[in-house]
Amino acid sequence: MELLLTASGLRNETLRDALRDMLGKPFGSANVVYVPTAAVAEPGDHGWVVADMNRLHGLGWREFDVLELNGLPRQMVLDRLLHADVIYVEGGSHYHLARSITGNGLADGFLEALESRAYVGVSAGSMIFSRNLTEHSADVIGDTTDLHVLGATTVEPPFGLFDWYLKPHLYSPDFPERDDAWADRIAARADFPLYFIDDETAVRVRGGKVDVISEGRWRFHP
């Protein structure tokens with residue numbers, strides 16, 4: 001399993017090189033599938049989605065597919081994932097993304113696809129792998145409102161691969177409240193390991209090994 005869990009996508013050459021290494025061939029010889037599902041649950045201006053999609057598309061893929069996880073037959077979704085060399089899952093509401101995967105019965109097939117493909121997560125797309133993606137972590141992090149706005153009080157982690165939880169956009173100008181004091185408050189309450197990463201950083205998972213690659217800043221609280 002090859003996962004590149006970013007806060008804001010392939011923002012720098014270090015992250016792009018990491019994906020090239022995972023992929024094992026040039027982007028121009030590979031198919032990518034872009035999943036916008038988490039983004040559609042966010043209100044307001046979506047220029048950030050367009051910018052990230054354009055940045056990804058500009059890498060020059062052989063085929064650039066766009067796949068929504070809701071509303072299509074399950075097998076069609078899984079076939080499209082299996083057709084790709086890289087699965088790229090956009091940010092937005094991690095709760096909506098998690099519920100879309102579990103609610104549409106996609107978790108097992110998604111994991112099967114990941115066994116032989118590279119995966120890039122952006123924000124929400126990076127947060128869905130923790131077994132601590134629950135209503136408890138929502139309370140600890142302080143984003144229970146984001147769950148309730150979906151008409152839900154609980155969330156089931158779709159994959160549950162890791163005990164650590166990833167929180168993106170540390171020090172981001174788009175989230176000015178996410179400073180060291182914010183991270184300190186969350187870490188003091190958390191009863192699970194936490195990675196805080198900025199927009200130039202990714203947590204990389206290759207097989208059983210986890211490391212951090214970065215042109216920016218990050219924190220880990222075991």
Tell me, please, which residues at least two apart from [X] pass side-chain contact (heavy atoms from CB on, under 4.5 Å).
X	result
Ala38	Leu97, Ala124
Asp21	Arg206
Asp184	Arg219
Ala152	Arg99, Leu147

Co-members of Leu15 in a cluster of I, L, V, M, F, W and Y side chains, linked at under 4.5 Å: Leu4, Leu10, Leu19, Met22, Leu23, Phe27, Val32, Tyr34, Trp48, Val49, Met53, Leu56, Leu59, Trp61, Phe64, Val66, Val86, Tyr88, Val120, Val122, Ile213
Co-members of Val40 in a cluster of I, L, V, M, F, W and Y side chains, linked at under 4.5 Å: none
With sequence neighbours excluded, residues passing ring pair (Phe, Tyr, Trp, His ring centres under 6.0 Å) with Trp164: Phe162, Tyr195
List in chain and number order the residues that pass side-chain hydrogen bond (donor to acceptor under 3.5 Å, both in side chains) with [X], two or more places apart in sequence or in another chain; answer none if no residue qualifies.
X	result
Ser126	none
Asp211	Arg204
Thr134	none
Thr6	none

Salt bridge (charged side-chain N to carboxylate O under 4.0 Å, His left out) pairs, two or more places apart, involving residues 109-135: none
Between Glu156 and Thr102, a side-chain donor and acceptor under 3.5 Å: no
Asp163 side chain reached by Asn132 side chain, heavy atoms, under 4.5 Å: yes
